[in-house]
Amino acid sequence: MTAFGFDHLWTVNAVLGALWLLTAVSMIALNAWSHFLESRAGRGGVFRPLNGGLEDAEPFELKRKFFKSWNRWQKIEALTALAHRAPEQASELIGIALKSKIEDVRYFALVAAGIAKTPECAELLVKSLDLGDIHGMRIASLLENFPESAMPAMEGGLDHVNPRVRAWIIRVLTQRKQTPFNPSILQKADDLHPAVRAAVFEYLGEHRMAENLIAQGLYDKVWFVRAEACRALGRMHPERHAAQFIRLMIHDPSTLVKTVAEKNLLKNIDAAMPAIRECLENGPRLSQRICVQALVESGETANILLNNLSRDPKVRAEASSVLRALLKTNIFFGLNHQLERFAPEIREQLVAIITNMEPSIAPQLTLQGKGQ
Amino acid sequence: MDAKFVFNQLFWFYLSYFLIVIAYYFIFGIIGLIEAGRRMHEDQIEDYESLNHSHFTLPVSILVPAHNEESCIRNTMLSILGLNYRNYEVIVIDDDSTDKTFDVLQGMLDLEAEDIPYRDHFKSGTIKGLYRSKRYEHIRVIRKFSRGHKAGALNAGLNLAKHRYVCVIDSDTLLEPNALLQVMTHAEKAPERVIGVSSFFGISNGFTVQDGKVIKRRWRANLLGDFQQLEYIRSFIGTRIGWSRLNSLPILSGAFAVWEKRFLLHIGGFSGQYSSEDMEITFHAQKDSRRGGKAKYEILFLPYVAGWTLGPETIKSLMTQRNRWQRVATEAMAHYAPMFLNPRYGTFGMVTLPYFLFYEVLGAVIEISSVIVTTLGFLTGLMNVGQYASFLLFLVLFQSLTTMIPLWVFNYRQKLFDTGGLLYMITLSFFEMLTYRWITTAARVQGLYDFCRGNHAFTRMERPAQNSRGNSDHTSPLKDEETEAAVR
């Protein structure tokens, strides 16, 4: 083989060279051509208008293009152009496109429905939620921007047999702040499907309605429904349900529910104080520890200490009872660390009060401040 | 067995190797062209505005690990603040910086210490402090002692990230305003399937950048940067678009990638045991996804220009970077070797990994040995001058074609270059084999050697001088109105 490898390498090179030349020339020619076309069409950026001169096409022409074209992108462009130019005529075509075998056509039919924003298109989007082909989140993002005239079509989905449709429709309604409260959603709080119940509580929380109904949701058997109910109460009057939140923090098996309950408790720690004090005085050991944790995380322990020196007898009495309860739990909450932050004279007074309340704790207290 | 026979056999091997690689690029060029075409159509027709203004936009936590990045962190933060995206938080992780990175952040963001519960799920290193921006509520900064390279920093961010998707970017990446919107649209369509998305990004060396925005792209300003630009196009467009089509991507680059947080938590976060985390996590994802046979998840790569990143500006730092990349590729390949040519892992095991092993891992050795062997053959009279010259020309054409095909696909869809710029890039691709290629090949061989010696160090790249970013003083704390104006 002086052979193939050496002697025919020039032939290989000639083929590769020709290929190279072809690639280079076609690249430059195509580049120049497309820049020329682009400068004529004036396109650029992400939010580009449509291709192929469809912007000025008549609806009839767009429909014809949709049916005649074998190219899926031309079909899709015709559909979206029609949704822009003649929304009232688009729904029929969108309905057909939604049944296409091609996934891209089905997806962009939904996008076109979101552009047309007619009640018929809203109905089609609601039906698509039932199919489960495209994720509900994308469909919900399209439904969210429909005008009020499409509301009846959307609300029709509330009684849909598929819980996925019911849940997404309630979520869409939750985000439509301008839409008035829909009382029929209250009945869905007993829905058999947990996703629907969770969506209902989110809706009620957003509208600040039916507080007692939401509070019942704290006892739901599904964790994410309880979490949603808890979150909804947090948006309304968390202080009224402090005892419930403490209960959830102790007994709920779900970490998410515990976290939401704790956040709610911290939202208005002053209002939650009576429930916390009650728990510190009479609650079980675990509840006490969680209450102490809430006080530490909210930074309230420093206030409790300082309020013990208040000139207002009412504030002083209140703070004194909480501090006494806190000390009695015998749970570590960084008392020395808190004391170190105060000026020496304040620290001395506080140590005296604490020693008076709980003499057994005195030897553990330090009189040293930071840097001393 | 005489020397001539051995030489002939070796020559055949090299020739076959190079021709197979070209064929691979051709096939993937065609797949890439089809896929890029589909993505560009989608991009053109997609209703981004409805998504951008919706309450149902998937929220994203953007993680920005930074170690001694005083020269570029400000521009990166400004590019993030300029994103067209409704719902995101930013977590900057100052990974034990010894320069003024934190001061720049402090001046720009007006940080205040915050006491929030922080649980280190991944042993990512001791925290020095947690801060929240007073000016932008959605930005937090973690200061920590370094542990576990960049992976440790990312894991620290992961501890605080609260959203379902996590976007990882380098602290020198400048994102295009629509980058996140474009990639997240694909996650939004099928969040139960898509666990990772990334998109093309190029090299910003020589560009004029002002307040986090690329003002002017300049191609002929920096030769080393331009060669890297070509290399990025070859790597991203030449194979990754095609791999994405087959759902068998081996890497989502750490410079810009979106991952589903639940998946990251499931696999225990980013691994600090490797020279770099991005390739390992993608290999891990592919393995996890295909455990039961058919791929459960999708990892996508898109052809949109998502941003720009700084490449090395000196040969030394380029070699350091490529050495690390080679180690990463070899480590990942060695660790996940059972997936190689294993039908259980589908196209990933059967199509991606063979290319990966023979081109990315062993390619440097094959290329360098092909030249050594043929030169020896020429010197010992086994080849004449014409045959030797013919082989060298073949190498040049090989290298240039593997770049030209992706360049063709990329420019046909993205129209990044004007005609002058394109001519320049074509010329550059022709001379790559004679110049730049040998620098990276040497670094890759060195990387392979370092891997064999057990070196897993995360060597950090020297940052180019500030003037390449067209900015004046990045280190001086910005006044409120300056940052506000830049963000606007």
Side-chain angles (χ1 to χ4, degrees), chain A residues 1-7 9-10 12-13 15-17 19-20 23-24 26-28 30-32 34-35 38 43 45-51 72-73 76-77 79-80 104 107-108 111-112 114-115 134-145 168 171-172 174-176 262 293 297 299, chain B residues 4-5 8 11-12 15 19 22 26 37-38 41-51 53-58 84 115-117 176-178 181-182 185 188-192 304 383-384 386-387 390-391 393-394 397-398 400-401 404-405 407-408 411-412 415 417-419 422-423 426 430:
Chain A
M1 108 151 213
T2 43
F4 172 82
F6 299 158
D7 294 340
L9 202 53
W10 284 112
V12 174
N13 279 345
V15 172
L16 291 185
L19 207 57
W20 189 92
T23 314
S26 62
M27 188 163 23
I28 291 165
L30 265 174
N31 193 56
S34 62
H35 273 106
E38 207 160 88
R43 288 190 281 130
V46 168
F47 303 112
R48 286 183 284 255
L50 291 165
N51 226 347
R72 72 176 70 176
W73 297 108
I76 291 167
E77 281 191 355
L79 193 62
T80 35
D104 287 324
Y107 173 73
F108 281 103
V111 174
I115 294 167
I134 303 291
H135 198 269
M137 193 175 277
R138 182 69 184 110
I139 298 174
S141 73
L142 293 166
L143 278 172
E144 193 187 350
N145 299 313
W168 276 113
R171 276 186 208 143
V172 171
T174 305
Q175 299 304 337
R176 292 175 61 94
E262 190 187 339
Q293 185 186 326
E297 282 183 9
Chain B
K4 193 172 180 182
F5 176 77
N8 280 342
F11 185 80
W12 263 104
L15 197 64
L19 287 174
I22 290 179
F26 257 107
R38 179 185 170 208
H41 277 297
E42 283 177 355
D43 182 44
Q44 216 164 17
I45 302 168
E46 183 60 75
D47 182 11
Y48 286 113
E49 283 184 79
S50 75
L51 204 64
H53 294 110
S54 168
H55 288 89
F56 295 99
T57 309
L58 281 168
N84 291 330
D115 289 323
I116 50 163
E176 289 284 327
N178 293 314
L181 193 58
Q182 283 174 312
T185 304
E188 183 103 14
K189 280 186 206 170
E192 71 284 0
Y304 319 133
M383 279 179 117
N384 63 33
Q387 289 164 340
S390 163
F391 182 73
L393 179 65
F394 171 75
L397 284 171
F398 155 78
S400 187
L401 266 173
M404 293 263 285
I405 297 165
L407 187 64
W408 196 99
N411 208 58
Y412 178 60
K415 302 169 186 72
F417 304 103
D418 56 13
T419 308
L422 205 55
L423 272 170
I426 291 170
F430 194 81

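Within every chain, numbering begins at 1; the chains are lettered A, B, ... in the order of the sequence lines, protein sequences first and strands thereafter. From a predicted model like this one, the values you see are computed outputs, not experimental measurements. No hydrogens, no waters, no symmetry mates; every other heavy atom, side chains included, goes into these values.
- Using a 4.5 Å cut-off on side-chain heavy atoms (C-beta onward), Leu9(A) and Leu15(B) make contact.
- With rounding to the nearest 0.5 angstrom, the CG atom of Leu407(B) is 6.0 Å from the CZ atom of Phe417(B).
- For Glu144(A), the part sitting under 4.5 Å from any heavy atom of chain B is the side chain, from C-beta outward, and nothing else.
- Contact of Leu30(A) with chain B is made through the side chain alone, with heavy-atom distances under 4.5 Å.
- Taking Leu142(A), Asn145(A), Asp104(A) one by one and counting their heavy-atom pairs under 4.5 Å with chain B, the maximum is reached by Asp104(A).
- For chain A, the option among Glu42(B), His53(B), His55(B) with the highest count of heavy-atom pairs below 4.5 Å is His55(B).
- In this structure the side chain of Gln387(B) never reaches within 4.5 angstrom of the side chain of Trp10(A), judged on heavy atoms.
- With a 4.5 angstrom heavy-atom cutoff, Arg171(A) touches chain B via backbone and side-chain atoms both.
- Note that the CG atom of Asn31(A) and the CG atom of Leu423(B) stand 9.0 Å from one another [nearest 0.5 Å].
- Using a 4.5 Å heavy-atom threshold, the side chains of Arg138(A) and Tyr107(A) count as touching.
- Of the listed residues (Ile115(A), Val111(A), Thr174(A), Ile139(A)), the one with the most heavy-atom contacts under 4.5 Å to chain B is Val111(A).
- Residue Leu393(B) touches chain A through both its backbone and its side chain, counting heavy-atom pairs closer than 4.5 Å.
- Contact annotation: the side chain of Asn178(B) never approaches that of Tyr48(B) to less than 4.5 Å [non-hydrogen atoms, C-beta and beyond].
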